[in-house]
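Heavy-atom basis, side chains included; hydrogens, waters and symmetry copies ignored. Chain letters run A, B, ... following the sequence lines, proteins first, then strands; residues in each count from 1.
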Amino acid sequence: DSGVTQTPKHLITATGQRVTLRCSPRSGDLSVYWYQQSLDQGLQFLIQYYNGEERAKGNILERFSAQQFPDLHSELNLSSLELGDSALYFCASSRDGSSGNTIYFGEGSWLTVV
Amino acid sequence: AQSVTQLGSHVSVSEGALVLLRCNYSSSVPPYLFWYVQYPNQGLQLLLKYTSAATLVKGINGFEAEFKKSETSFHLTKPSAHMSDAAEYFCAVSYGGSQGNLIFGKGTKLSVKP
């Protein structure tokens with residue numbers, strides 16, 4: 001158990017819909033990351049937050065947005081969903097978000113868009 | 001662009017044989033390097049990481065990796081494979097500074113034959 005909690009574990013939704021994925025980081029970790037894992041793209045970094053502020057942005061689509069709340073939990077919002085958004089979405093956390101920190105991953109949220 | 005290359009998307013070894021999973025990175029600055037393992041339907045678990053201390057890094061489950069700057073490599077080895085090592089292995093890199101996000105290779109699926 002990494003200490004990173006993600007909900008829901010599985011989600012099936014229709015094209016055009018909007019979903020929210022939730023993440024609680026490890027106790028004491030200030031930085032949260034979101035990654036997308038798919039068969040064709042592999043593991044792609046989406047976005048990083050540190051103590052409520054966006055720190056780095058990767059290959060995140062404009063239809064996707066995220067935020068980190070004062071209690072440090074984070075949400076990833078996916079809207080206008082397309083079939084190609086079906087993937088495993090990981091949340092991860094680290095102590096202070098700097099390079100070299102160990103990044104701990106949750107077990108992921110499986111999103112299926114039908 | 002920063003990148004990580006894992007040679008061989010599938011590697012098969014016999015139980016008790018040497019495991020060698022290859023990883024090369026592109027970098028003009030010293031990187032931080034990581035190996036993660038993903039078991040079926042689970043999240044990523046850190047095996048080991050290199051952060052510019054010793055070039056030979058020992059990790060969990062008997063795995064180790066050697067940082068070779070001249071070859072820009074960070075290959076993962078284990079002297080004797082066990083059936084429980086069957087999983088997908090990801091090499092990842094981060095490049096310093098306040099943005100600790102990881103860039104992952106495409107992964108190598110390890111099969112262990114009895």
Side-chain angles (χ1 to χ4, degrees), chain A residues 1-7 9-10 21 23-26 29-51 53-60 66 87-110, chain B residues 1-10 23 25 27-54 57-60 65 67 74 87-109:
Chain A
D1 182 5
S2 67
V4 179
T5 303
Q6 290 188 246
T7 57
K9 290 195 185 322
H10 299 273
L21 309 181
C23 169
S24 294
R26 284 186 345 137
D29 284 359
L30 299 177
S31 193
V32 169
Y33 310 76
W34 288 97
Y35 287 84
Q36 178 194 59
Q37 186 178 33
S38 61
L39 281 174
D40 52 345
Q41 297 290 329
L43 270 161
Q44 297 278 313
F45 166 67
L46 297 179
I47 198 163
Q48 177 194 5
Y49 281 84
Y50 172 74
N51 206 20
E53 299 292 324
E54 182 183 306
R55 177 168 276 189
K57 202 174 239 188
N59 300 321
I60 188 165
L88 181 57
Y89 291 85
F90 284 113
C91 174
S93 72
S94 70
R95 185 69 52 178
D96 64 13
S98 60
S99 199
N101 269 197
T102 295
I103 298 180
Y104 296 90
F105 284 78
E107 297 206 345
S109 292
W110 279 100
Chain B
Q2 303 155 350
S3 66
V4 175
T5 302
Q6 292 184 241
L7 292 176
S9 57
H10 288 87
C23 173
Y25 64 92
S27 174
S28 58
V29 297
Y32 297 100
L33 293 157
F34 304 77
W35 276 99
Y36 281 84
V37 61
Q38 184 178 26
Y39 298 100
N41 301 316
Q42 293 189 26
L44 288 91
Q45 180 183 9
L46 179 70
L47 279 175
L48 48 84
K49 69 175 184 179
Y50 167 77
T51 57
S52 76
V57 182
K58 293 189 184 299
I60 62 170
F67 173 70
F74 191 57
E88 190 153 21
Y89 292 79
F90 293 91
C91 181
V93 63
S94 67
Y95 284 98
S98 62
Q99 295 178 2
N101 56 289
L102 298 173
I103 298 168
F104 283 92
K106 291 193 177 297
T108 298
K109 188 165 285 187

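Partners of Y49(A) under the side chain to side chain donor-acceptor pair (under 3.5 Å) rule, at least two apart in sequence or in another chain, do not exist in this structure. The salt bridge (Lys or Arg N to Asp or Glu O under 4.0 Å) search around K58(B) returns E64(B), not counting sequence neighbours.
Nearest heavy-atom pair, G100(A) versus S94(B), reported as atom, atom and distance to 0.1 Å: N-OG, 3.7 Å.
Looking at Q38(B), only its side chain comes within 4.5 Å of chain A, counting heavy atoms on both sides. T102(A) touches chain B through backbone and side chain together, each having a heavy atom under 4.5 Å away. In this structure, chain B has a heavy atom under 4.5 Å from the side chain of Y35(A), while its backbone stays farther away. Looking at L44(B), the atoms closer than 4.5 Å to chain A (heavy atoms on both sides) sit in the backbone and in the side chain alike. Heavy atoms of L88(A) lying under 4.5 Å from chain B belong exclusively to its side chain. Of the atoms belonging to F90(B), it is side-chain heavy atoms, and not backbone ones, that fall under 4.5 Å from chain A. The parts of L102(B) that come within reach of chain A are both its backbone and its side chain, each placing non-hydrogen atoms under 4.5 angstrom from that chain. In this structure, the portion of Q37(A) lying under 4.5 Å from any heavy atom of chain B is its side chain and not its backbone.
Heavy-atom neighbours of E53(A) CD from other residues, nucleotides or ligands within 6.0 Å: at or below the threshold of 12. More than 12 non-hydrogen atoms from other residues, nucleotides or ligands lie less than 6.0 angstrom from CD1 of I60(B).
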